[in-house]
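Beneath this line is the structure, given in structure tokens, with notes to follow.
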Amino acid sequence: MTAHTRRSRFASIATIMVASLALVGCSSGSTTAEGEPDTSLTVGLLATPGNLDYTTTAGAAIPQALLYNVYEGLVKLNNDGTIIPLLAKSWTISDDGLVYDFLLHDGVTFSDGSPFTAESVKFSLERVKDNWTANGPAYLDPIASIEAVSDTEARITLSKPSNSWLFNMSGPVGTMFTESALADLATAPVGTGPYTVSSFKTGDSLVLAANAEYWGEVPYMTDVTLRYFTDATAQTNALLSGDINLISGISQFQLVDQFKSNTDFQVLEGASTGEVTLSMNNASDAFSDVRVRQAVMYAIDRQAVMDTANSGYGLLIGSMVPPTDPWYDESLADLYPYDPDRATELLAEAGVSDLTVAFKIPNLPYAVAGAQVVKDQLAKVGITADVTALEFPAVWLDDVFSSHDYDMSLIMHSEPRDVNAFAAPTYYAGYDSPAVMAKFAEADAADATTYIELMKEATTTMAEEAAADWLYLQPAISLADADLLGVPKNTPSLALDLSTIAR
């Protein structure tokens, strides 16, 4: 099959530098007081990592900061969502789709000086099965064996053809680690990426410095600070005052318009994979009956939730599939129209009245705003939602995600193509359908056309059975200083790739 060759970043960096020169002198903050190019960047974010170990801590906050910046894998997702080479220079695939031969870049080292070789590939990927408890270890289940053919040649053999495993390798599970740095993953990550971690203050900031020994093109921004805010208003005020330079993924969209007419800033609107989900614990007494879950679906006016939480920004989707996935079905957005009368009928059929549910949400703006709408609408059909806002990520992850101690929640699922994980019976949603899981397995091993058809069938069944109420797709809207270039517009992966940003 056709081999893939890694695209050099020389051309893109050159383009950025030329455009950057045109902006010097007409945009504030593009040079230092000494007249040198300003290569520092401060990014304002909301979801703060509780630690820096995404092998054992779930959620998007850690890979957002570290994936592609500190850590790298054999492949990555480009900003348009295509798989491109990274630590692998190229690869070939056997005709039966089982054997992948990766040619690795030579002379790559981890930031602690230890070498990256095919043995690193073998060590890192074999470790996922037994040592990962978060961020999709099952994504690598198709791997049967890993062989270090030489220092720069790694052979991965699958137990059966898989349409998804290489895509999944672009995420956290594909991360390359050095054995010498495993003891301090939570505080001192060591990777092969363009940045290293200088400092980390939980709930406050994460400071990255350009990796002077980086094997690839050194990024334009040499010093990057990720500052974590407790609310979006403080975040946008910091951008207006010049304390930060970029907000990646604004969460309160009523704050966007003030930047559209301000020439000191730019508003970037792109595509996201963030499904804002009203989770119902299918394993709880409250929602084990599909009719009760379907009643919730009819009871919720998803447009009203989106209008309140997002000022109307977003897309009604009806399933855990964004339009960027080939098995997206736009008709599912209309599967459960707002119909409180039908909701009341279904509750009566299920013999349910005066239902009270534990509605545990993260203390994030969109969740707090959306939960109030959901609470009010459920009350109209006789369901009392007892709302508790939990500190995110630590408490929410412990109570809801890990302990499954909840009836309902409201959370954005950001990981790309994560519907298979959501359907697993051990996942926090508690959805248990052997038929759907079998369909996903059949799809993964099928030819490309059948893969799409079977994925559409499985995801449609999940929507019909009200595994959750996928309220809407979060848009990707970033706010930035006008002189910043190369800011990622889309969010096809969990990573905020800082390597492309310049002035």
Side-chain angles (χ1 to χ4, degrees), residues 7 9 11-24 26-31 37-47 60-61 63-70 76-82 84 193-195 206 208 210 217-229 232 235-236 238-240 242-253 255-260 262-274 313 324 414 474-503:
R7 290 172 48 192
R9 283 186 288 199
S12 59
I13 292 295
T15 301
I16 287 171
M17 292 297 289
V18 169
S20 202
L21 288 172
L23 284 167
V24 171
C26 65
S27 298
S28 61
S30 57
T31 60
D38 185 358
T39 60
S40 64
L41 176 71
T42 303
V43 184
L45 301 170
L46 289 180
Q64 180 186 45
L66 302 185
L67 187 62
Y68 304 164
N69 297 320
V70 173
K76 69 182 286 188
L77 281 189
N78 206 0
N79 200 238
D80 64 3
T82 57
I84 61 173
Y195 291 97
L206 173 65
L208 304 177
E217 297 304 313
V218 177
Y220 181 94
M221 295 299 181
T222 58
D223 301 280
V224 179
T225 300
L226 306 181
R227 277 187 56 190
Y228 296 100
F229 292 84
Q235 187 187 34
T236 53
L239 181 61
L240 288 166
D243 290 338
I244 65 176
N245 312 112
L246 168 65
I247 295 173
S248 178
I250 186 72
S251 63
Q252 290 193 19
F253 298 96
L255 300 171
V256 172
D257 287 349
Q258 64 185 311
F259 292 91
K260 288 185 174 180
N262 191 329
T263 57
D264 289 336
F265 304 99
Q266 56 182 309
V267 177
L268 302 162
E269 298 187 40
S272 144
T273 58
Y313 286 94
T324 48
S414 301
Q474 189 87 324
I477 299 181
S478 296
L479 310 174
D481 288 347
D483 67 341
L484 284 186
L485 300 164
V487 176
K489 184 178 179 180
N490 303 317
T491 56
S493 73
L494 294 177
L496 171 56
D497 189 351
L498 300 166
S499 66
T500 62
I501 301 177
R503 292 187 189 276

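The structure presented is a predicted model; accordingly, all values stated were derived computationally and were not measured.
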For this session: Please tell me if the side chains of I250 and Q235 come closer than 4.5 Å, counting only heavy atoms from C-beta onward.
Result: yes
Exercise. Quick one: side-chain contact (heavy atoms from CB on, under 4.5 Å) partners of S414, sequence neighbours excluded?
Worked result: A60, M412, L494
For this session: Mind checking side-chain contact (heavy atoms from CB on, under 4.5 Å) for P492 and listing every partner two or more places apart, or none if nothing turns up?
Result: L77, N79, N490
Exercise. Does a side-chain heavy-atom distance below 4.5 Å link S493 with T273?
Worked result: no
For this session: Take Y220 and T39, measure what side chain to side chain contact (heavy atoms under 4.5 Å, CB included) needs, and give me the verdict at the end.
Result: CA-CA 6 Å; Y220 181 94; T39 60; 4.1 Å; yes
Exercise. Can you find a heavy atom in the side chain of P219 that is under 4.5 Å from one in the side chain of Y195?
Worked result: yes
For this session: Using the side chain to side chain contact (heavy atoms under 4.5 Å, CB included) rule, take R227 and D243 through it: C-alpha gap first, then chi angles, then the decisive distance, then the call.
Result: CA-CA 10 Å; R227 277 187 56 190; D243 290 338; 3.7 Å; yes
Problem set entry | Pairwise side-chain contact, M221 with L498, heavy-atom cut-off 4.5 Å (strictly under) | no
Exercise. Side chain of T222, backbone of A210: donor and acceptor closer than 3.5 Å?
Worked result: no
For this session: State which residues pass side-chain contact (heavy atoms from CB on, under 4.5 Å) with S478; sequence neighbours excluded, sorted by chain then number.
Result: L246, S248, L268
Exercise. Sub-3.5 Å donor-acceptor pair from the side chain of Q474 to the main-chain atoms of S272, do we have one?
Worked result: no
Seminar exercise, completed: By ring-ring contact (aromatic ring centres under 6.0 Å, His included), F229 pairs with (sequence neighbours left out) none
Exercise. Are the side chain of N262 and the backbone of D264 linked by a donor-acceptor contact shorter than 3.5 Å?
Worked result: yes
Problem set entry | Side-chain heavy atoms of L240 within contact of Q258, under 4.5 Å | yes
Problem set entry | Which residues share a side-chain hydrogen bond (donor to acceptor under 3.5 Å, both in side chains) with T324, sequence neighbours left out | none
For this session: Name all residues meeting the ring-ring contact (aromatic ring centres under 6.0 Å, His included) criterion together with F259; count only those two or more places apart in sequence or in a different chain, and write none if there are none.
Result: F265
